[in-house]
Amino acid sequence: QVQLVESGGGLVQPGGSLRLSCAASGSIIKINAMSWYRQAPGSQRELVAHLTSYGSTNYADSVKGRFTISGDNLKGTLYLQMSSLKPEDTAVYYCYADLYSRDADRWADYWGQGTQVTVSS
């Protein structure tokens, strides 16, 4: 029973900061990569930031210089530090993991339930 649980979402004013957290649990053997995605109402889900097992990171152009992804794939923890937030950042943010679990006995994609981030004055 693998689960990803996000936390840290909420309401913040434009220009403010917010830190999201994600914790993976269950019969996890290895995590290849973890990412943050987001989906605004009426829009497609998009990749926000990505972290590999080697520590490599990449970001969507829209958040470069403002967001920082960090975490530990061995522990199954992931964070997203968001600063200089804009109304366009308003969305449900999802934690994603590419991992191998004992239960499934294969590599598979896992998603959290999401946490709402609202940027508004």
Side-chain angles (χ1 to χ4, degrees):
Q1 190 177 356
V2 174
Q3 289 187 319
L4 303 181
V5 180
E6 305 98 333
S7 63
L11 175 64
V12 64
Q13 295 183 356
S17 299
L18 211 59
R19 185 173 187 259
L20 305 184
S21 300
C22 174
S25 62
S27 301
I28 300 170
I29 302 299
K30 185 178 182 180
I31 299 176
N32 183 52
M34 298 185 74
S35 306
W36 287 101
Y37 284 75
R38 69 184 181 187
Q39 186 168 21
S43 301
Q44 297 183 115
R45 185 171 299 186
E46 65 174 347
L47 176 66
V48 176
H50 180 75
L51 176 68
T52 72
S53 60
Y54 298 99
S56 177
T57 62
N58 60 77
Y59 301 87
D61 289 340
S62 59
V63 306
K64 287 181 179 177
R66 300 188 299 119
F67 291 11
T68 301
I69 188 172
S70 63
D72 187 339
N73 285 349
L74 294 178
K75 297 180 179 180
T77 57
L78 189 70
Y79 305 95
L80 185 67
Q81 180 64 51
M82 305 182 292
S83 61
S84 301
L85 284 163
K86 305 174 181 179
E88 306 92 271
D89 296 317
T90 296
V92 177
Y93 284 71
Y94 297 91
C95 181
Y96 160 87
D98 173 17
L99 59 83
Y100 195 102
S101 70
R102 183 179 294 106
D103 293 341
D105 193 26
R106 67 182 179 90
W107 290 96
D109 298 336
Y110 292 87
W111 296 88
Q113 293 298 307
T115 184
Q116 177 70 48
V117 172
T118 302
V119 184
S120 176
S121 59

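Just so you know, these numbers come straight off a predicted model, no measurement behind them.
Taking the side chain as every heavy atom from C-beta outward, C95 and M34 approach each other to under 4.5 Å. Side-chain contact check for K30 versus L74: every heavy-atom pair is 4.5 Å or farther apart. The shortest side-chain heavy-atom distance between V2 and I28 falls under the 4.5 Å cut-off.
Between the CG atom in L18 and the CD atom in Q13 there is a gap of 12.5 Å [rounded to 0.5 Å]. Taken from CG in D103 to CD in Q1, the straight-line distance is 8.0 Å, to the nearest 0.5 Å. For the atom pair S35 OG and D109 CG, the distance stands at 9.5 Å (nearest 0.5 Å). Once rounded to the nearest 0.5 Å, the distance linking CG of L51 with OG of S70 reads 8.0 Å. In this structure, the separation between CG on L99 and CG on N32 is 9.5 Å, given to the nearest 0.5 Å. L80 CG to C22 SG: the interatomic distance, rounded to the nearest 0.5 Å, is 10.5 Å.
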Show your reasoning for whether side chain to side chain contact (heavy atoms under 4.5 Å, CB included) applies to S17 and M82. CA-CA 5 Å; S17 299; M82 305 182 292; over 6 Å; no

Do W111 and R45 pass the side chain to side chain contact (heavy atoms under 4.5 Å, CB included) test, and can you show the C-alpha distance, the side-chain angles, and the key distance before you say yes or no? CA-CA 12 Å; W111 296 88; R45 185 171 299 186; 3.2 Å; yes

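Residues L47 and V92 share a single hydrophobic cluster, defined by chaining ILVMFWY side chains whose heavy atoms lie under 4.5 Å apart. A continuous path of Ile, Leu, Val, Met, Phe, Trp and Tyr side chains, each step under 4.5 Å between heavy atoms, connects V119 with W36, placing both in one hydrophobic cluster. Linking ILVMFWY residues whenever their side-chain heavy atoms come closer than 4.5 Å, directly or via other members, leaves Y94 and L20 in distinct clusters. One hydrophobic cluster holds both V48 and Y110 under the rule that ILVMFWY side chains link at heavy-atom gaps under 4.5 Å. By the rule that hydrophobic residues join a cluster once side-chain heavy atoms approach within less than 4.5 Å of another member, V63 and Y93 end up as members of one cluster.
Listed by first then second residue, pairs satisfying ring-ring contact (aromatic ring centres under 6.0 Å, His included) with a partner in residues 44-90 number zero, not counting sequence neighbours.
T115 places a side-chain N or O within 3.5 Å of a backbone atom of G9 that can act as its donor or acceptor partner. The closest donor-acceptor contact from the side chain of D98 to the backbone of I31 lies at 3.5 Å or more, if one exists at all. Looking at E6, its side chain does come within 3.5 Å of a backbone N or O of Q113 through a donor-acceptor pair.
In this structure, the salt bridge (Lys or Arg N to Asp or Glu O under 4.0 Å) partners of D61, at least two apart in sequence or on a different chain, are K64. Here D89 pairs with R38, R66 under the salt bridge (Lys or Arg N to Asp or Glu O under 4.0 Å) rule; sequence neighbours left out.
Taking the ring centre of Y100 as origin, the terminal cationic atom of R106 falls outside the region bounded by 6.0 Å and 45° from the ring axis.
Between A91 and A40, the shortest heavy-atom distance links the atoms CB-N, 3.8 Å.
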